[in-house]
Every structure is written in C-alpha cells, then in structure tokens.
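What follows is a short report on a single structure.
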Amino acid sequence: MGVPLWMYLTVAAALFSIGMYGVLARRNAVAVLMGIELMLNAVNLNLIAFWRYQTPFNMSGQAFAAFVLVVAAAEVAVGLAIIIAVYRNRQSVEVEDVDMLKG
Amino acid sequence: MNFGEGLTPEAIAFGLFTLLTLGGAFGVVTTRNLVRGAIWLIVSLFGIAGFFVLLSAPFLASVQVLVYIGAIGILFSFAVMLTRGMTNLKERFNSQWWLAALAAVIAFMLLMVGVIIPVFGNTGAPVSDQVQTTVDLGVALVSGNQYVLPFEVASLLLTAAMIGAIVIAREDD
C-alpha cells in the first residue's frame with residue numbers, strides 16, 4: 001500500500017464538494033440527482049478507505065458501503081420516477097418550476 | 001508515497017483513478033447536455049470502482065460496475081431521454097450558482113481542516129495486510145449476530161422503492 005489514507009480522503013472530499021455544487025446550482029432536476037449520486041459515492045469511498053486502513057479485520061466498512069449502495073439505488077429509482085411524473089404534469093424538470101407547495 | 005523515488009504502479013493507478021473520478025464529476029456538474037452528463041457520471045463511477053480495487057474490496061468494485069454503471073447509468077440515460085426538451089437548458093445554473101460554489105468551497109475547506117489535516121502527512125500503512133475477503137463479507141451479511149437484520153431491511157426497502165417507483169411513474173388512465 002503506497003498511497004496514504006489522507007489522499008483517498010482528499011479525493012473523496014473533493015468529489016463530495018463537486019457533487020454538492022451540482023446539487024445546489026443545477027436547474028435540471030436530473031442533474032441534481034446526478035450530484036447526489038456523486039456525493040453518495042464520495043461517502044462510499046470514505047467508508048472503504050477507512051475500512052481498509054483502520055479496521056480490515058471486520059466487515060463493518062464494506063457492509064455499510066453495500067447498504068449505502070442499496071439505498072442509493074432505491075433513491076435514484078424513486079427520484080427519477082418523481083421527475084418523470086413531474087415532467088408529465090408540468091412539461092418541465094426545472095427545479096424552480098416545481099413550486100406547487102409554495103404558499 | 002514519494003514521487004521523487006519513482007512511481008509505484010499503485011501510485012500511477014491512484015492518479016489515473018483520481019483523474020477519472022474528479023474529471024468525470026466536473027463534467028457532470030458543468031456540461032449543458034445531460035446525455036453527456038450521464039456519460040461523465042459513468043466515467044466518474046468507474047474511477048470509484050478503480051479505487052475499490054486499489055483498496056482491496058473487489059466485490060464492491062464489481063457491484064459498483066454492475067449496479068452503478070450498469071443499472072443507475074442506464075436509468076439516468078432513460079430519464080434524460082424521457083424528459084427531452086429539458087436536456088439542453090440554455091441556463092445550466094440557477095441565479096445563486098456563485099453562492100453554491102462558495103458553499104462547496106467552504107465545505108471542502110471544512111473537510112480538509114476537520115478530517116484530513118489531522119491525518120495529513122501520516123504515510124502510515126494500513127494496520128494490517130491481512131484483509132477480509134468476499135467470503136467474509138457474505139458471511140457477515142447473513143450471520144445472525146452481524147448484519148442479517150439490516151440486510152433484510154435493505155432488501156425490503158429496495159422492493160418497496162421499486163414498487164413505489166412504478167406506482168409514481170405510471171400513467172393514470
């Protein structure tokens with residue numbers, strides 16, 4: 001193992017920040033979901049890096065990463081279904097156009 | 001890792017995967033055409049799969065390729081195609097994009113200061129070269145005193161989410 005832990009953490013932090021920018025700044029809801037996927041992947045990278053460097057004796061890191069993966073799959077399926085339903089009703093997937101709940 | 005003394009293959013692979021991951025992520029958040037955005041997302045996820053291989057988690061790497069690149073990438077492509085007319089928005093970012101950029105930069109700084117600086121420069125190797133294998137992961141996921149309950153809850157969640165997605169996206173008639 002030639003690469004130290006902090007390099008993995010730096011890459012994960014950068015990935016998380018880029019994903020966060022995508023979530024906050026993009027107008028298209030599909031692009032927002034893509035940003036969420038990037039953030040979840042950064043979390044997974046952190047989990048696996050810490051698992052490998054700190055606790056490779058038990059499986060908690062990998063198991064948690066697997067659960068994050070399952071939740072991400074569920075989240076993206078429901079999210080895209082909602083986006084498609086919104087597009088069918090409003091002919092738009094711009095986040096700013098979906099303001100029916102605004103008082 | 002010392003770049004001066006010659007690159008180890010692992011360091012070269014790390015650099016390559018970093019380039020794929022961060023470059024792909026950058027493409028995802030900046031590209032105007034979302035079809036390209038989906039391709040960039042796949043590039044980025046592939047880089048993450050490479051990191052998993054480097055971190056000796058081969059099962060998760062293959063699951064990453066199958067589930068993320070295979071399933072979620074295709075799902076995003078379908079979503080982009082089903083919402084045609086929105087894939088090429090003239091304005092990519094909302095009016096507060098600079099605020100979002102500021103928040104992202106601050107988040108990165110906070111992560112650096114809070115988490116990475118304490119371990120910065122610590123070139124310590126992992127605590128052990130002995131790594132649990134995929135067999136151990138499988139046992140951990142189904143053994144009674146480890147993760148069998150979260151495992152079942154996760155499968156239930158996945159089923160519920162899939163049924164919910166079908167119900168939400170179905171056309172009312």
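In what follows, every chain begins at residue 1, and chains take the letters A, B, ... in the order their sequences are listed. Basis for what follows: all heavy atoms, side chains included, without hydrogens, waters or symmetry-related copies.
With chain B as partner, the option from A:Val30, A:Ile48, A:Val86, A:Val78 having the largest number of non-hydrogen pairs under 4.5 angstrom is A:Ile48.
Between A:Leu80 and B:Leu82, every side-chain heavy-atom pair lies at or beyond the 4.5 Å cut-off. Contact annotation: the side chain of B:Tyr147 approaches that of A:Ser60 to within less than 4.5 Å [non-hydrogen atoms, C-beta and beyond]. Considering only heavy atoms from C-beta on, B:Val28 stays 4.5 Å or farther from A:Ile18 through its side chain. Considering only heavy atoms from C-beta on, B:Leu54 comes within 4.5 Å of A:Tyr8 through its side chain. Put simply, the side chain of B:Phe51 does not reach to within 4.5 Å of the side chain of A:Asn41, judged on heavy atoms.
Looking at A:Arg88, the atoms closer than 4.5 Å to chain B (heavy atoms on both sides) all sit in the side chain, from C-beta outward. Both the backbone and the side chain of A:Ile82 come within contact range of chain B, judged by heavy atoms closer than 4.5 Å. Using a 4.5 Å cut-off between heavy atoms, A:Tyr21 contacts chain B through both its backbone and its side chain.
Separating the CG atom in B:Leu34 from the CG atom in A:Asn28 is a distance of 4.5 Å, to the nearest 0.5 Å.
Judged by distance alone, the side chain of A:Arg26 and the main-chain N or O of B:Val29 form a donor-acceptor pair under 3.5 Å.
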Please list every donor-acceptor pair under 3.5 Å in which a side-chain atom of residues 99-111 of chain B meets a protein atom from a residue at least two apart or in another chain.
none

Exercise. Start with the C-alpha distance between B:Gln64 and A:Asn44, add both sets of side-chain angles, then the distance that settles side chain to side chain donor-acceptor pair (under 3.5 Å), and finish with yes or no.
Key: CA-CA 10 Å; B:Gln64 175 88 359; A:Asn44 259 357; 4.9 Å; no

